[in-house]
Amino acid sequence: QGQVPSSQLLGSRSCAPVRSQTPALAGTPRAEGTPPVRPALGCGRRGRNCSSRAGRGGHVVRGCRDKERAWEPERSGTGGLAAAGEINFSVIGRYVDYLVEEQGVKNVFVNGTTGEGLSLSISERCQVAEEWVTKGKNKLDQIVIHVGALSLKESQELAQHAAEIGADGIAVIAPFFLKPWNKDVLINFLKEVAAAAPALPFYYYHIPALTGVKIRAEELLDGIQDKIPSFQGLKFSDTDLLDFGQCVDQNRQRQFAFLFGVDEQLLSALVMGATGAVGSTYNYLGKKTKQMLEAFERKDFSSALNHQFCIQRFINFVVKLGFGVSQTKAIMTLVSGIPMGPPRLPLQKASREFTDNAEAKLKSLDFLSCTDLKDGNMEACS
């Protein structure tokens, strides 16, 4: 199967256009013996159950493409969650164009962390997924939908819906309230979800800091394709590079996609064999990250390291201010001019002080000039 060009980023989102998604980088340079990111197979029509529950006919655009673009969104006013917490679907098309034309991101991960997918109802998640698939047609290369849920039945419903609307793949997070206590229990859960959409490439979304499920990814991958034939890879959102490195090292003969999810450590993961990346900062630092990827691909490691350090300077700065989904949405609104809206409770919207400081830092690092700023609706960060 064809490879995804290394110049493409994968964005990611969790829901409606009210949120910004986390873009992912697809087809990044890889160490010898590690597999390329393979395009997933699209299939079928829009799901009956979800769309009928939503009271809609036809496709509904999905949220922004930040971590949803490598894989989600939620806004207020015209751009995200409305004042009453409703999703604003009207901005998803604009968000797709922004990711593709201005950030070079052509792959998205929808309804993930940045898109606040787990704060949405099942009906809302379906509508967001439909809108992303509709608006991304002939513009995006891959749209992977996160279908994880605490309920196995709901996760299966979301997986089936993703297949019916023509998504390119599905990803699943580990259940995090009544948790699987060992590898076999977790695989049994994942297997049942994957079976609901057997023709779609299946990815495990490993993010132990949020799920509390500490099962090592390396252990999970051992023999997983024997039980889940559609398994294609891993979204690894953890700082444990020993675990990540062994995922790659122990699976050199398998055509797995290893998508890294910690933006500030991406270069280290590329050295270990990452084949792509999914992250929230690619929504507004996609171009900068592509420069790092291109330098790595041509073996200009000094330039690649300088790009990574520059990205780290910004992330280090905002982390000290208090950085999360709400703040990501505020920065996305600032840079893109597309109103991302406030987050859904229990999250609180970013402060004006945070946004002003983030803007100043972006300019000081030459990530943003005054002419780059869009006349966006800044109510999300007021």
Under 3.5 Å: donor-acceptor pair, side chain of [X], backbone of [Y]:
{"X": "E192", "Y": "Q156", "answer": "no"}
{"X": "T328", "Y": "G324", "answer": "yes"}
{"X": "Q246", "Y": "E218", "answer": "no"}
{"X": "N316", "Y": "Q312", "answer": "no"}
{"X": "T275", "Y": "F258", "answer": "yes"}
{"X": "R125", "Y": "H146", "answer": "yes"}
{"X": "K183", "Y": "D222", "answer": "yes"}
{"X": "S155", "Y": "V147", "answer": "yes"}
{"X": "D243", "Y": "R216", "answer": "no"}

Can you tell me how far apart [atom1] ([X]) and [atom2] ([Y]) are? Round to the nearest 0.5 Å.
{"X": "I145", "Y": "L200", "atom1": "CD1", "atom2": "CG", "answer": "9.5 Å"}
{"X": "D366", "Y": "K288", "atom1": "CG", "atom2": "NZ", "answer": "8.0 Å"}
{"X": "Q160", "Y": "I170", "atom1": "CD", "atom2": "CD1", "answer": "11.0 Å"}
{"X": "L259", "Y": "L234", "atom1": "CG", "atom2": "CG", "answer": "7.5 Å"}
{"X": "E124", "Y": "F89", "atom1": "CD", "atom2": "CZ", "answer": "7.0 Å"}
{"X": "L285", "Y": "M292", "atom1": "CG", "atom2": "CE", "answer": "10.5 Å"}

Taking the side chain as C-beta and beyond, is there a heavy-atom pair between [X] and [Y] under 4.5 Å?
{"X": "Q250", "Y": "L221", "answer": "no"}
{"X": "M272", "Y": "L241", "answer": "yes"}
{"X": "F314", "Y": "D263", "answer": "no"}
{"X": "D97", "Y": "K139", "answer": "yes"}
{"X": "I228", "Y": "Y204", "answer": "no"}
{"X": "L267", "Y": "F301", "answer": "no"}
{"X": "K349", "Y": "P343", "answer": "yes"}
{"X": "V193", "Y": "L152", "answer": "yes"}

Residues that, via side-chain heavy atoms closer than 4.5 angstrom, fall in one hydrophobic cluster with V185: W181
Where [X] and [Y] come nearest, the two heavy atoms and their spacing:
{"X": "Q103", "Y": "Y284", "value": "NE2-O, 3.4 Å"}
{"X": "S326", "Y": "L347", "value": "OG-CB, 3.8 Å"}
{"X": "C126", "Y": "L158", "value": "SG-CD2, 3.8 Å"}
{"X": "A149", "Y": "L118", "value": "CA-CD2, 4.4 Å"}
{"X": "Y98", "Y": "V335", "value": "OH-CG1, 3.5 Å"}
{"X": "I143", "Y": "G136", "value": "CD1-CA, 4.3 Å"}

Test log, rule side chain to side chain contact (heavy atoms under 4.5 Å, CB included), inputs H161 and E130: CA-CA 9 Å; H161 175 261; E130 291 179 18; 2.7 Å; yes
Matching residue for F236 among Y203, Y205, F244 - test: ring-ring contact (aromatic ring centres under 6.0 Å, His included):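 Filter result, single survivor: F244.
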Short side-chain donor-acceptor distance under 3.5 Å, E359 and T355: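 Judged by distance alone, the side chains do not pair up.
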K214, NZ atom: more than 12 neighbouring heavy atoms under 6.0 Å: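 Yes, because the 6.0 Å sphere around NZ of K214 holds more than 12 heavy atoms from other groups.
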K179 atom NZ, neighbour heavy-atom count above 12 within 6.0 Å: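 Above 12, so yes.
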Test log, rule side chain to side chain contact (heavy atoms under 4.5 Å, CB included), inputs L99 and Y282: CA-CA 9 Å; L99 287 172; Y282 308 143; over 6 Å; no
F260 vs L270, side chain to side chain contact (heavy atoms under 4.5 Å, CB included): CA-CA, chis, key distance, verdict: CA-CA 9 Å; F260 198 66; L270 291 174; over 6 Å; no
Pair F256 + F231: ring centers closer than 6.0 Å: yes
By ring-ring contact (aromatic ring centres under 6.0 Å, His included) - contacts of F176 (at least two apart): none
Derivation of the side chain to side chain contact (heavy atoms under 4.5 Å, CB included) call for E294 and K290: CA-CA 6 Å; E294 290 163 359; K290 281 183 63 178; 4.0 Å; yes
Single hit among D184, L186, I187 for side-chain contact (heavy atoms from CB on, under 4.5 Å) with I215: L186
